[in-house]
Amino acid sequence: MTDQAGAAGFTEPSAQRLTTRETAERLGVKPETVYAYVSRGQLTSNRAPGGRGSTFDAAEVDALARRTGRREPTAAAGALSFPTGITLIGSDQYFFRGVDATELARRHTYEEVAEWLWTGELRPGMRFTAPAETLAAARRAVGALPAHCGATDRLRVAVVAAAAADPLRFDLSREAVLGGARSLIPTLAAALPTVAGEASEAAARPGLARQLWPKLTGRPADEASLAVLDTALGLLIDHDLAASTLAARVAASARAHPYAVVSAGLGVLEGPLHGAASGLAHRMLTEVLERGGAAPVVADHLRSGRRVPGLGHRLYAVEDPRARTLFALLAEVPRAAPALAAARDVVATTTRHTPLHANVDLALAVLSVSSGMAVEAGETVFAISRTAGWIAHALEEYGERPLRMRPSGQYTGPRPPQPLPSGHVPGSQ
């Protein structure tokens, strides 16, 4: 399986160290290629005693030799991968630090799952609090944005404002990073404007889900719906090296402070193939409900060459375990029944000829459509939830050699030397 880098995080390191020459011989490559593996993140090097040269873990070298067949790597084989102890993805389930992530998210609040991801300790009753000064700065900055700005725009600005309000943001010690994360996440939720409507404070469930609910919809909160939102937040915290997480790790590798790491993740998350994918599924489900069935909507997507959103995942051959978990909870929410039936109709219609299964974007769309949320609500949930995952990866990356993720470009331009260009100066004769 390709994106399963998390598996390496659960093996015990070998005590045997190899020199660069020994590593090159074992791999059957030149010493220069050994450092190319390091730059791609396929090998980890440590400075040799006395600071002369590098040493390599023998078990890691042997594992690389088995993967590469002891051949020089090609550009296509240079996929970036490295050990991580955070998330392991299997064929039909995934794990946070070795624990079933779906069970963890169902049984514990988002804050408790985040603490587990960060520290490996479960802290029942953990709650995050936004400092008054930080929250005030974030709200002022968000309030100054044009009215047409989306939630992700507001979140990016809120992160920058929170960073500016934190003079200790450059302290990359573990405790400082965790302290900042525990204040940043509730700041992001609280900085968003409240949706006008009849939002109720009657629901008793504490924590981030209750705080975020009135930012997503004006409908009253109930315990069953809050349970779905809280579980969704827990499920989405991390999913190994997704595109936004890789961007966050690159930023952390350059020793960017945690707020900048989160900003890097948010920049990538906004793409329609990542965090914004649930919005496409939201629009589709809305259309299915309006037209009374999935068949004409699916046909329109296929006729125009568009993929049907909310279906398929490159890491799972079966239904996304996150979708499976959320669908089970949504079945307990009476007002979600029409949207849930529409989602099932989409899956049944599409899979008549193509073996695709529901992914988490479709489940988020059921939640947002049935709760009267805006199209981008799923993206908002995704972004705030994944912030904790980016912080977890930043903590790992801060413990690694700086700037270790330095891939090499494969130049395809004109071969030098080329003559100096002679440009035309405007107005000259």
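Quick note: numbers below take in every heavy atom, side chains included, and nothing from hydrogens, waters or symmetry partners.
Looking only at atom types and distance, the side chain of Thr152 has no donor-acceptor partner in the side chain of Glu376 under 3.5 Å away. A donor-acceptor contact under 3.5 angstrom links the side chains of His393 and Asp238, judged on distance only. Side-chain polar atoms of Thr84 and Glu396 form a donor-acceptor pair below 3.5 angstrom. Using modelled atom types, one finds no donor on one side chain facing an acceptor on the other under 3.5 Å when comparing Thr217 with Arg219.
Two rings, from Tyr316 and His239, have their centers less than 6.0 Å apart.
Atom CD1 of residue Ile384 and atom CD of residue Gln211 lie 8.5 Å apart, to the nearest 0.5 angstrom. With values rounded to the nearest 0.5 angstrom, Leu212 atom CG is found 7.5 Å from Thr380 atom OG1. Going from atom CZ of Arg352 over to atom OG1 of Thr354 covers 11.5 Å, rounded to the nearest 0.5 Å.
Using modelled atom types, no side-chain atom of Asp320 and backbone atom of Ala358 make a donor-acceptor pair closer than 3.5 Å. Within the 3.5 Å criterion, the main-chain N or O of Thr44 finds a donor-acceptor partner in the side chain of Glu60. Here the side chain of Ser371 pairs a donor or acceptor atom with the backbone of Leu367 at under 3.5 angstrom.
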### Query
Hey, mind stepping through Glu319 and Arg344 against salt bridge (charged side-chain N to carboxylate O under 4.0 Å, His left out) and telling me if it holds?
CA-CA 12 Å; Glu319 188 174 51; Arg344 296 300 191 195; 3.4 Å; yes
### Query
Between Thr102 and Gln93, is a side chain to side chain contact (heavy atoms under 4.5 Å, CB included) present by the stated rule, with each step listed?
CA-CA 8 Å; Thr102 58; Gln93 60 186 144; over 6 Å; no
### Message
ring-ring contact (aromatic ring centres under 6.0 Å, His included) for Tyr94 and His313? Distances and angles first, verdict last.
### Response
CA-CA 13 Å; Tyr94 68 116; His313 196 288; 9.6 Å; no
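For the pair His301 and Ser304, the tightest heavy-atom approach, listed with the atom from each and the gap, is O-OG, 3.1 Å. In this structure, Ser54 and Ser45 approach most closely via the heavy-atom pair CB-CB, 4.1 Å.
Remark: Arg291 engages Asp300 in a salt bridge, criterion side-chain N to carboxylate O under 4.0 Å. Looking at Arg404 and Glu397, a side-chain N of the basic residue comes within less than 4.0 Å of a carboxylate O on the acidic one, giving a salt bridge. Taking a cutoff of 4.0 Å between a charged side-chain nitrogen and a carboxylate oxygen, Arg97 and Glu115 do not qualify as a salt bridge. Checked for salt-bridge contact, Asp222 and Arg335 meet the test: a charged N lies under 4.0 Å from a carboxylate O.
Annotation: cation-pi geometry not satisfied between Arg249 and Phe82 (NZ/CZ under 6.0 angstrom from ring centroid, within 45° of ring axis).
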Which atom pairs, one a donor and one an acceptor, fall under 3.5 Å between side chains of residues 160-169 and the rest of the protein, sequence neighbours left out?
residue : atom : partner : partner atom : Å
Asp166  : OD1  : Leu168  : N            : 3.0
Asp166  : OD2  : Tyr259  : OH           : 2.7
Arg169  : NH1  : Ala163  : O            : 3.0
Arg169  : NH1  : Asp166  : O            : 3.1

Listed pairs under 3.5 Å, donor-acceptor, residues 125-144 side chains, sequence neighbours left out:
residue : atom : partner : partner atom : Å
Arg139  : NE   : Ala190  : O            : 3.2
Arg139  : NH2  : Ala190  : O            : 3.3

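Listed by first then second residue, pairs satisfying side-chain hydrogen bond (donor to acceptor under 3.5 Å, both in side chains) with a partner in residues 381-391 read Ser244-Trp390, not counting sequence neighbours.
Sparse packing is recorded around CZ of Arg107, with 12 or fewer heavy atoms of other residues, nucleotides or ligands lying under 6.0 Å away.
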